[in-house]
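Comments concern the structure below.
What you are looking at is a predicted structure, and each value in this text was computed from that prediction instead of being measured.
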Amino acid sequence: MKHIKFLAVVALALCIGVSLNAKPKIRIIATGGTIAGVSTTSASSAYTAGQVGIQTLIDAVPQILQLADISGEQLVNIGSQDMNDEVWLKLAKRINVLLNEEGYDGIVITHGTDTMEETAYFLNLTVKSDKPVVLAGSMRPSNAISADGPANLYNAVAAAVSPACKGVGVLCCMNNQLLDAKTVIKTHTIDCDTFEGGPSGIIGYIYNGEAHMLQTPNNKHTVNSVFDVTKLDKLPRVGIVYGYANCSPLPMKAFVDAGFDGIVLAGVGDGNFYKDVFDVAVGAQNKGIQIVRSSRCPTGPTCLNSEVDDAKYHFVAALDLNPQKARVLLMLALTKTHDWQEIQKFFMEY
Ligand code: ASP
């Protein structure tokens with residue numbers, strides 16, 4: 001009997017020891033991008049995104065196995081210029097299952113940089129967990145001289161295992177920096193140092209495999225978001241119209257004629273329309289197609305009731321969101337309401 005008790009105590013101690021030493025369980029979901037891209041020669045800038053699979057990405061950075069219990073899955077393998085609503089819905093639902101039902105401690109998503117900011121913001125509004133969710137990509141293909149993908153992936157895993165990255169919403173991890181989903185923007189077409197965090201700057205950085213946070217976002221996200229895609233298999237259709245001098249109203253008309261649910265204006269200055277486009281926008285809004293005014297300017301808000309009388313026309317001002325992120329929020333807002341004032345409230349909160 002004493003012998004059995006002794007064995008039970010030893011077994012318990014071993015179990016406790018194992019669980020104390022257990023590494024965080026991190027899932028890497030691969031979607032393609034330049035991080036999985038291959039160029040014809042390592043010195044060439046001509047390449048195709050989304051070529052190598054998840055296991056190749058993991059094998060290239062064995063150091064991540066020291067940080068976490070790593071597993072991977074391939075969701076799609078595309079250049080992020082081909083990202084779409086269907087993949088977004090799949091991704092958000094999959095992350096919610098992994099974090100809330102399958103016991104994962106964090107998620108890393110490998111992703112192309114072209115639309116990374118849109119995917120990050122979509123997930124920021126639809127992931128129902130405060131566990132770290134971190135997107136990483138690269139500007140140089142996997143076989144380039146000085147490829148930046150491996151370091152970005154290592155840093156993203158370091159962020160995903162860090163308690164500091166819990167509860168701050170979805171992050172992008174590029175070039176040693178952590179950027180929050182709402183403010184992150186791609187600013188350069190080819191440089192490795194392409195992502196910026198808007199006027200408030202980066203949210204943190206990774207140094208020596210550890211995350212250091214500098215600030216926390218003050219907008220609603222993840223567990224505090226009202227948007228739920230669990231039962232959705234498609235999203236409202238929202239297009240973006242670009243503003244410029246002597247602007248043609250034809251793209252705006254085309255969206256109206258095609259029965260889109262909403263249109264975002266990438267307006268000039270503080271979200272201003274060219275006069276011919278303005279007339280089409282007023283007609284669209286009267287028909288129930290929600291118009292959101294944003295700006296083609298890279299910085300600064302699109303202000304409510306400033307140069308344009310939004311209250312009169314029932315337009316919504318995008319405030320701090322650029323056109324591509326305003327489109328994401330408008331799509332999700334339209335799953336909840338068609339009331340322009342409610343939608344404006346969402347733009348103030350998220
Ligand atoms: N076109 C690529 C993509 O977004 C660019 C990149 O990943 O850097 O997938």
Side-chain angles (χ1 to χ4, degrees), residues 24 26 28 35 61 63-64 66-68 95 99 105-111 113 115-139 148-188 191-225 297-301 318-322 324-326 328-329 347-350:
I26 302 296
I28 303 178
I35 192 167
V61 201
Q63 296 86 342
I64 56 178
Q66 287 157 18
L67 299 177
I95 292 171
L99 295 180
D105 299 300
I107 303 288
V108 169
I109 303 151
T110 56
H111 196 290
T113 61
T115 59
M116 184 185 283
E117 63 189 88
E118 289 163 67
T119 301
Y121 190 54
F122 180 79
L123 296 176
N124 208 37
L125 302 177
T126 54
V127 165
K128 302 284 173 210
S129 170
D130 68 351
K131 295 176 184 173
V133 175
V134 188
L135 287 94
S138 76
M139 292 299 286
D148 50 332
N152 289 341
L153 182 58
Y154 178 79
N155 285 341
V157 172
V161 301
S162 169
C165 294
K166 225 180 154 186
V168 295
V170 173
L171 299 170
C172 295
C173 182
M174 294 285 293
N175 207 32
N176 298 337
Q177 297 177 336
L178 292 167
L179 304 112
D180 88 279
K182 178 164 181 173
T183 62
V184 61
I185 39 170
K186 184 173 181 178
T187 64
H188 198 283
D191 273 1
C192 288
D193 185 14
T194 180
F195 283 94
E196 280 179 19
S200 48
I202 63 171
I203 191 172
Y205 60 93
I206 303 282
Y207 185 66
N208 269 345
E210 271 183 35
H212 301 268
M213 300 311 275
L214 302 170
Q215 48 182 326
T216 40
N218 53 15
N219 53 292
K220 278 191 182 175
H221 57 75
T222 56
V223 287
N224 293 317
S225 165
C297 292
T299 51
L319 308 177
D320 295 319
L321 291 180
N322 65 20
Q324 54 273 31
K325 289 190 196 177
V328 169
L329 181 53
F347 275 80
M348 288 166 171
E349 292 172 345
Y350 291 91

- Give the C-alpha distance, both sets of side-chain angles, the deciding distance and a yes or no for side chain to side chain contact (heavy atoms under 4.5 Å, CB included) between Ile109 and Leu123. CA-CA 11 Å; Ile109 303 151; Leu123 296 176; 3.5 Å; yes
- Pro217 side chain reached by Lys182 side chain, heavy atoms, under 4.5 Å: no
- His212 and Tyr207 aromatic ring geometry - parallel, tilted or perpendicular at 30°/60° bounds: tilted
- In this structure, CD1 of Ile203 is separated from SG of Cys172 (nearest 0.5 Å) by 10.5 Å
- Looking at CE of Met116 and CE of Met174, how far apart are the two atoms once the value is rounded to the nearest 0.5 Å? 5.0 Å
- Within-4.5 Å side-chain heavy-atom neighbours: Asn175 and Phe195: no
- Taking the side chain as every heavy atom from C-beta outward, state whether Pro298 and Ile185 have any pair of such atoms under 4.5 Å apart. no
- Test item: Tyr350 and Asn219 side chains (from C-beta on) under 4.5 Å apart, heavy atoms: no
- Could you give the distance from CG (Asn208) to CG (Asn155), rounded to the nearest 0.5 Å? 10.0 Å
- Note on the structure: Note: Val161 and Ala68 closest approach over all heavy atoms is CG1-CB, 3.8 Å
- Smallest separation among heavy atoms of Pro132 and Ala160, with atom names: CG-O, 3.4 Å
- Item | Test item: Gln63 and Leu153 side chains (from C-beta on) under 4.5 Å apart, heavy atoms | no
- Message: Evaluate Val184 against Leu135 for side chain to side chain contact (heavy atoms under 4.5 Å, CB included), listing each step before the verdict.
- Response: CA-CA 11 Å; Val184 61; Leu135 287 94; over 6 Å; no
- Is there a side-chain contact between Val168 and Asp180 (heavy atoms, below 4.5 Å)? no
- Of the non-hydrogen atoms in Leu125 and Ser225, which two are nearest, and what is the gap between them? O-OG, 2.6 Å
- Task: Answer whether the closest heavy-atom distance between the side chains of Cys165 and Leu171 falls below 4.5 Å.
- Result: yes
- Item | From CA spacing to verdict: side chain to side chain contact (heavy atoms under 4.5 Å, CB included), Ile206, Leu178 | CA-CA 7 Å; Ile206 303 282; Leu178 292 167; 4.0 Å; yes
- Asn224 side, atom CG; Lys128 side, atom NZ - distance, nearest 0.5 Å: 9.0 Å
- Message: Ignoring hydrogens, what is the shortest heavy-atom contact between Thr113 and Ser138? Give both atom names and the distance.
- Response: CG2-O, 3.5 Å
- Taken to the nearest 0.5 Å, the spacing of Lys186 NZ from Asn322 CG works out to 13.5 Å
- Is the backbone of Gly137 close enough, under 3.5 Å, to the side chain of Asn152 for a donor and an acceptor to pair up by distance? yes
- Message: For the CD atom of Glu117 and the NZ atom of Lys325, what is their distance to the nearest 0.5 Å?
- Response: 5.0 Å
- Item | Side-chain touch Met139/Asp191, heavy atoms, less than 4.5 angstrom | no
- Which pair of heavy atoms, one from Ala318 and one from Ala326, lies closest together, and at what distance? CB-CB, 4.0 Å
- Note on the structure: side-chain contact (heavy atoms from CB on, under 4.5 Å) with Ser129: of Ile107, Thr222, Ile95, Leu99, only one passes, and it is Leu99
- Item | Minimal non-hydrogen separation, Ile35 against His111, with atom names | CG2-N, 4.4 Å
- Message: Taking atom CD as the centre, does Glu210 end up with more than 12 heavy-atom neighbours from other residues, nucleotides or ligands that are less than 6.0 angstrom away?
- Response: no
